[in-house]
There are 2 protein chains.
Amino acid sequence: MANSIRDVASRAQVAVGTVSNFLNRPDRVAEATRKKIESAIADLNFVPNASARHLRSGSSRTIGLLVPDITNPFFTEVARGAGDTASENDYTLLLCNSDEDPKKEERHLKVLIEQRICGLLITPSFEGLAGVAELNRRNIPTTFIDRKAESLEQSSVSMDDFYGGKSAVKYLASLGHTSIAWVNGPLSIAQCASREAGVMDSAKEQNVKINKFQVNQMRSQNGYEVAKNILESTSQVTAIFCANDLVALGVLRALLENGKKIPTDYALIGYDDIGFSASASIPLTSIAQPAYKLGALAAQMIINEVENGKKFKHEQIVFKPELVIRASTQALRK
Amino acid sequence: MANSIRDVASRAQVAVGTVSNFLNRPDRVAEATRKKIESAIADLNFVPNASARHLRSGSSRTIGLLVPDITNPFFTEVARGAGDTASENDYTLLLCNSDEDPKKEERHLKVLIEQRICGLLITPSFEGLAGVAELNRRNIPTTFIDRKAESLEQSSVSMDDFYGGKSAVKYLASLGHTSIAWVNGPLSIAQCASREAGVMDSAKEQNVKINKFQVNQMRSQNGYEVAKNILESTSQVTAIFCANDLVALGVLRALLENGKKIPTDYALIGYDDIGFSASASIPLTSIAQPAYKLGALAAQMIINEVENGKKFKHEQIVFKPELVIRASTQALRK
DNA sequence: CAATTAAACCGAAACGATTCAATCATGGCT
DNA sequence: AGCCATGATTGAATCGTTTCGGTTTAATTG
């Protein structure tokens with residue numbers, strides 16, 4: 001049923017090698033034969049077999065993208081960006097979701113090696129680093145996403161979390177807030193730790209007081225729960241900064257339920273600027289991360305590395321996040 | 001660098017065919033040789049080459065999933081479900097996102113054919129149906145997701161939208177509401193049309209009055225805008241049912257801004273039960289669709305079809321959506 | 001003990017493309 | 001006319017597996 005390059009060759013009355021040239025280096029084949037081949041392909045409805053192609057040529061033109069949570073809008077944007085650039089360069093993107101499960105992560109890595117991907121984009125979990133080492137041993141280029149590579153032998157595209165934390169506090173200070181609640185996730189997550197460092201740094205500079213609150217998971221429900229502690233705390237905070245939009249949305253819900261007005265009673269800022277933040281009951285001010293760009297650039301970098309081999313220079317690119325101001329913050333009035 | 005089955009064979013001092021048997025039919029090889037091969041594989045760090053395997057065996061063990069919008073939480077859940085069952089059955093899932101763009105859809109279809117996928121899961125756009133016909137011509141099984149197949153030659157896994165529309169209105173009527181605003185998307189979308197049919201059917205049964213409102217796109221912003229019309233309309237509606245959660249969240253925001261109380265002034269229901277609905281400022285009552293199950297079942301069906309060939313019976317499975325009651329609805333008080 | 005049988009193993013051929021050294025045409029130049 | 005350079009085309013070898021008919025080995029039977 002499926003036609004091969006041989007069928008095309010015989011129908012067009014040329015050699016198989018010529019058909020292959022037509023497919024890969026069209027400039028090498030004369031106008032007349034080109035037409036013959038074209039119509040033979042159309043007649044037979046021929047589509048080349050990627051497996052055969054990869055096997056012989058040695059390159060799969062496939063890159064893998066392994067994300068920890070496909071449910072997270074941040075990563076779907078990354079995937080869109082990576083997918084689009086992959087397509088534009090005639091690469092196939094193999095998108096895998098590990099659901100934050102090291103077992104699944106390992107299994108996907110195995111499959112990706114079987115597929116002989118020529119490059120991998122990954123946000124590695126702690127355990128996943130072993131798998132990445134395996135890839136290195138096989139000389140498969142790897143680029144970290146949203147996590148900076150320590151080694152200069154490794155590319156990465158990440159965000160400046162320190163800067164993000166810092167700019168949120170700076171902005172609140174500029175509005176006149178001097179006592180801020182900072183709701184962070186586990187410090188074991190690199191991003192959380194950096195954001196906190198930025199927060200504290202800015203607090204010192206701007207001379208504002210930070211009240212720390214902690215959340216175990218960065219989901220909406222956790223924000224909802226921690227809000228009670230904020231309301232009961234003795235210190236009179238006038239602004240709340242959350243390490244993530246989901247948490248901020250949870251906090252927002254709790255505040256509204258308790259009859260508080262946003263932004264009058266409390267200014268509120270989130271982080272990530274996921275799509276829903278703009279359409280929350282009170283549109284959320286947030287620190288936006290250019291997820292699409294992140295994915296697109298990462299894909300472009302790994303493609304460059306694949307195609308330029310040894311002479312490729314590894315880079316650690318760090319994006320600056322951007323403050324997006326909406327209705328959940330305003331200048332403090334006494 | 002990359003080792004082949006031959007290297008394994010020579011190191012284990014067996015024939016290549018034996019190694020292949022070890023990989024594919026381990027029961028055929030004796031205990032002693034099994035061990036030799038195992039350690040050779042471990043020593044050489046051998047991982048089989050999927051392309052060679054597919055080329056020779058004729059089956060790629062890969063299924064494609066082509067979704068119109070990876071950004072939509074509904075589809076990421078579908079993808080998780082399909083991905084998990086694919087993994088469990090040792091299939092690879094190739095996830096493609098067309099961004100509702102017919103051009104991208106067509107391009108992805110082409111790539112999927114090149115990869116010689118053995119089955120496709122798709123939520124076809126209107127234009128996409130042509131591409132699907134192409135797949136059929138090549139005898140590649142196709143299963144529709146979230147859209148019922150008209151032909152009995154085709155499997156599908158979809159939702160009963162008529163039932164969903166109906167049950168929302170029925171529920172509102174049971175709370176005492178007799179005048180309901182129904183905010184729908186374009187009737188050209190099959191799902192919207194069916195839901196509306198269900199709404200009207202139930203309205204007649206329950207003897208309640210429906211006020212129709214229309215939205216061009218089913219995004220939050222559109223809901224926000226249409227809410228003004230609802231507030232200004234002369235008829236005294238006491239409940240609002242939206243064709244999708246995003247729209248409902250937009251409506252919710254507009255109502256709150258206008259000082260309305262939910263659920264006291266208005267009861268509000270959405271559709272889809274996306275994750276954010278549970279953590280909206282007023283947790284949203286919604287019609288839940290089991291997206292994960294949908295994806296998982298669709299994947300299982302296509303795998304069955306691939307493996308059982310001709311003797312496979314096509315099925316059109318229709319799931320019943322489920323009402324999830326939260327804080328945005330309550331019994332009407334006068 | 002010879003004959004029979006089953007279990008393991010062997011290894012050449014094939015899958016559908018790409019590669020590359022070799023051949024063929026064509027036209028320009030002395 | 002003869003020679004060369006250039007551009008097109010050819011086709012056999014190859015990539016890493018699976019497949020499958022054939023061979024070896026060991027155990028069982030009469």
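Computed from a prediction, not measured in an experiment: that's the story for all the values here. Order of the sequence lines sets the chain letters (A, B, ...), proteins ahead of strands, with each chain counted from 1.
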Heavy-atom check, side chain of Q115(A) versus side chain of T62(A), under 4.5 Å: no
Close residues, residues 110-119 of chain A, relative to DNA chain D [heavy-atom separation under 4.0 Å]: none
E307(A) vs N89(A) side-chain heavy atoms within contact, under 4.5 Å: no
Protein proximity profile, nucleotides 18-27 of chain C - base contact B, sugar-phosphate-only contact S, no contact -, cut-off 4.0 Å on heavy atoms: BB--------
Pairs satisfying side chain to side chain donor-acceptor pair (under 3.5 Å), at least one member in residues 5-25 of chain B, at least two apart: R11(B)-D43(B), S20(B)-N24(B), N21(B)-R25(B)
Can you give each donor-acceptor pair under 3.5 Å made by side-chain atoms of residues 74-82 of chain A, sequence neighbours left out, with the distance rounded to 0.1 Å?
{"from": "T76(A)", "atom 1": "OG1", "to": "P73(A)", "atom 2": "O", "distance (Å)": "2.9"}
{"from": "E77(A)", "atom 1": "OE1", "to": "R80(A)", "atom 2": "NH2", "distance (Å)": "3.4"}
{"from": "E77(A)", "atom 1": "OE2", "to": "R80(A)", "atom 2": "NE", "distance (Å)": "3.3"}
{"from": "E77(A)", "atom 1": "OE2", "to": "T71(B)", "atom 2": "OG1", "distance (Å)": "3.3"}
{"from": "R80(A)", "atom 1": "NH1", "to": "D99(B)", "atom 2": "OD1", "distance (Å)": "3.4"}
{"from": "R80(A)", "atom 1": "NH1", "to": "D99(B)", "atom 2": "OD2", "distance (Å)": "2.7"}

d(CZ, R28(B); C1', dC10(C)) in whole Å: 14 Å
Close side-chain approach of T92(B) to E114(A), heavy-atom, < 4.5 Å: no
Interatomic distance, D27(B) CG vs dC9(C) C1' [rounded to whole Å]: 14 Å
Counterpart residues, side chain to side chain donor-acceptor pair (under 3.5 Å), relative to D146(B) (two or more places apart): Q191(B)
Heavy-atom side-chain contact between D84(B) and K104(A) under 4.5 Å: yes
Side chain proximity check, R61(A) to V306(A), heavy atoms < 4.5 angstrom: no
Closest non-hydrogen atom pair between S156(B) and A149(B), with its separation: OG-N, 3.2 Å
Toward the 5' end of DNA chain D, by each residue's nearest nucleotide, A15(A) or V47(B): A15(A)
Touch class at under 4.0 angstrom, heavy-atom based, for F22(A) against every strand present: nothing
Charged N-O contact under 4.0 Å between K110(B) and E106(B): no
Carboxylate-amine/guanidinium proximity below 4.0 Å for R34(B) and E38(B): no
A30(B) side chain, from C-beta outward: closest of dG16(C), dA8(C), dG11(C): dA8(C)
Nucleotide interval of DNA chain D bounded by contacts with chain B (heavy-atom cut-off, under 4.0 Å): dG16(D) to dT19(D)
Toward the 5' end of DNA chain C, by each residue's nearest nucleotide, S4(A) or R34(B): R34(B)
Touch class at under 4.0 angstrom, heavy-atom based, for S51(A) against every strand present: nothing
Nucleotide dA17(C), atom C1' - distance to CZ of R61(A) in whole Å: 15 Å
